[in-house]
Amino acid sequence: MKIATWNVNSLRVRLPHLLAWLDTEKPDIVALQETKTVDEDFPLGEIHAAGYQTVFSGQKSYNGVALLSRLTPTGVTRDIANLDDAQRRLLAANYDGLRVINLYVPNGASVGSEKYAYKMSWLEKISAWIQQQLSTHEHLIVLGDFNIAPEDRDVHDPAAWQGQVLVSDAERAAFTRLRNLGLHDCFRLFEQPADVFSWWDYRAGAFRRNQGLRIDHILVSPALRALCTSCRIDTTPRKLERPSDHAPVVAEFTVK
DNA sequence: ATGGCGCGCGCAGCGCGA
């Protein structure tokens with residue numbers, strides 16, 4: 001089973017890239033973030049024609065998450081108790097015995113800002129819910145755009161980014177707390193080349209210079225960790241005309 | 001060099017992303 005996460009930065013604009021990528025990679029489940037599409041405008045026809053079922057939680061202009069799958073989703077969650085968030089950043093579904101949680105973690109703007117406080121509060125509330133989900137789902141996968149580069153090796157220039165949003169100590173501590181619940185970063189289960197990133201700024205030729213951050217992640221429960229056989233970041237779609245600024249992260253599992 | 005680019009909205013130029 002192949003599972004991926006991709007922040008597409010507008011589903012309607014990126015639909016040709018997504019459809020081409022689905023055709024090439026043939027993933028079983030794909031978590032999308034920043035669809036920026038209200039549910040009425042979700043491109044159901046094209047995605048169904050590609051062989052995927054869908055669940056989504058969108059809003060006008062901003063945010064928005066979706067799950068595409070070969071299997072039929074059940075147990076769909078769009079809101080959780082105590083989060084009370086109008087921003088569409090969370091979507092979970094079951095596929096047979098697998099529980100998939102798709103997250104679009106807030107960006108945080110800058111350390112100390114109101115948006116940063118919202119990000120930290122959001123992470124705290126989500127973590128409590130994920131802890132609960134871990135206790136009821138043996139095969140749990142939490143993936144998405146976390147907007148956190150966990151370690152300095154996930155940053156092209158750690159000195160320049162020191163203390164900034166996406167790499168600050170408090171954000172990294174929140175990510176560590178999530179992992180300490182019993183979640184494993186699939187990417188780091190395997191030997192990886194240096195300087196592999198999942199996001200590059202559109203400006204200043206950042207992708208060409210590989211000046212990126214690894215902020216998109218696939219985390220798994222212990223039972224799934226044992227079944228994970230690979231994890232990589234696919235930079236192919238980032239090279240296309242008018243790309244998303246994020247690249248997909250792809251993990252494979254020896255399950256059904 | 002606090003800009004650079006790309007998106008949505010909506011028709012100018014701003015808010016937002018990371």
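Values reported hereafter were calculated over all heavy atoms of this structure, with side chains retained and with hydrogens, waters and symmetry mates removed. Just so we're on the same page: letters track the sequence lines, and every chain starts at 1.
Straight-line distance between the P atoms of dG10(B) and dG6(B): roughly 22 Å, to the nearest whole Å. dA1(B) sits 23 Å from dG13(B) when the C1' atoms are compared, rounded to a whole Å. dG8(B) and dG3(B) have their P atoms separated by 24 Å, with the value rounded to a whole Å. As rounded to the nearest Å, dC7(B) and dA12(B) have C1' atoms that lie 16 Å from one another. The separation of dT2(B) from dG17(B), taken at their P atoms, amounts to 22 Å, rounded to a whole angstrom.
A residue-by-residue look at D245(A) and V13(A) shows that V13(A) has its nearest nucleotide of DNA chain B further toward the 5' end. Across the interface with DNA chain B, nearest-nucleotide mapping of A204(A) and R89(A) shows A204(A) to be the residue nearer the 5′ end.
With hydrogens and angles left out, the side-chain atoms of Q87(A) and Y118(A) include a donor and acceptor closer than 3.5 Å.
Not one side-chain nitrogen or oxygen of Y116(A) sits closer than 4.0 Å to the OP1 or OP2 atom of dA18(B). Residue H246(A) places none of its side-chain N or O atoms closer than 4.0 Å to OP1 or OP2 of dG17(B). Between S244(A) and dG6(B) there is no side-chain polar atom (N or O) within less than 4.0 angstrom of OP1 or OP2. Side-chain nitrogen and oxygen atoms of R12(A) include none within less than 4.0 Å of the OP1 or OP2 phosphate oxygen of dC7(B).
Atom CZ in R203(A) sits roughly 9 Å away from atom P in dC5(B) (whole-Å rounding). Across the protein-nucleic acid pair, E241(A) atom CD and dC7(B) atom P stand 11 Å apart, rounded to whole Å. The nearest whole Å value for the distance from the CZ atom in R88(A) to the C1' atom in dG17(B) is 19 Å. dG8(B) atom C1' lies 12 Å from atom CG of D41(A), rounded to whole Å. In this structure, I148(A) places its CD1 atom 15 Å from P of dG17(B), rounding to the nearest Å. Spacing between atom CH2 of W199(A) and atom C1' of dA18(B) amounts to 4 Å, rounded to whole angstrom units. Straight-line distance from the CG atom of L11(A) to the C1' atom of dG17(B): 17 Å, rounded to whole Å. Residue N9(A) contributes atom CG, which lies 7 Å from atom P of dG8(B) at whole-angstrom precision.
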Quick one: side chains of residues 37-48 of chain A, donor-acceptor pairs under 3.5 Å with protein atoms, not counting sequence neighbours, listed by atom name and distance.
residue : atom : partner : partner atom : Å
T37(A)  : OG1  : T35(A)  : O            : 2.6
D39(A)  : OD1  : G58(A)  : N            : 2.8

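Residue-level contact check: F197(A) touches neither bases nor backbone, having no heavy atom under 4.0 Å from any strand. Using a 4.0 Å heavy-atom criterion, one finds that E34(A) contacts the sugar-phosphate atoms exclusively. Among the heavy atoms of the strands lying under 4.0 Å from N147(A) are primed sugar atoms or P, OP1, OP2 only; no base atom is included. The residue D145(A) sits close only to the backbone: its heavy atoms come under 4.0 Å of sugar-phosphate atoms, none of a base.
Checking dG4(B), dG17(B), dG8(B) against the side-chain heavy atoms of N107(A) singles out dG17(B) as nearest. Comparing dG6(B), dC9(B), dG17(B) against the side chain of R14(A) picks out dG6(B) as the nearest.
Base pairing of dC9(B) is made with dG13(B), judged by Watson-Crick or G-U wobble geometry with both donor-acceptor distances under 3.5 Å.
The shortest side-chain heavy-atom distance between V165(A) and Y116(A) falls under the 4.5 Å cut-off. Two residues are said to be in side-chain contact when any heavy atoms from C-beta on lie closer than 4.5 Å; H137(A) and L134(A) fail this criterion.
Between F175(A) and H217(A), the ring planes are tilted. Angles from 30° to 60° get that label.
Scanning both residues, W21(A) and A4(A), for their nearest heavy atoms gives CH2-CB, 3.5 Å.
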Pull out every protein N or O sitting under 3.5 Å from an N or O of nucleotides 10-16 of chain B, one pair per line with the distance.
residue : atom : partner : partner atom : Å
dC16(B) : O5'  : K115(A) : NZ           : 3.4

Pair K26(A)-K2(A), side-chain contact (heavy atoms from CB on, under 4.5 Å): steps then yes or no: CA-CA 8 Å; K26(A) 300 178 172 35; K2(A) 186 187 277 192; 5.8 Å; no

Stepwise side-chain contact (heavy atoms from CB on, under 4.5 Å) test for I80(A) and L90(A): CA-CA 9 Å; I80(A) 59 174; L90(A) 168 77; 3.5 Å; yes

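dG8(B) takes the anti form, because its glycosidic angle lies more than 90° either side of 0.
Taken together through direct or relayed side-chain contacts under 4.5 Å among Ile, Leu, Val, Met, Phe, Trp and Tyr, I218(A) and L98(A) form part of one hydrophobic cluster.
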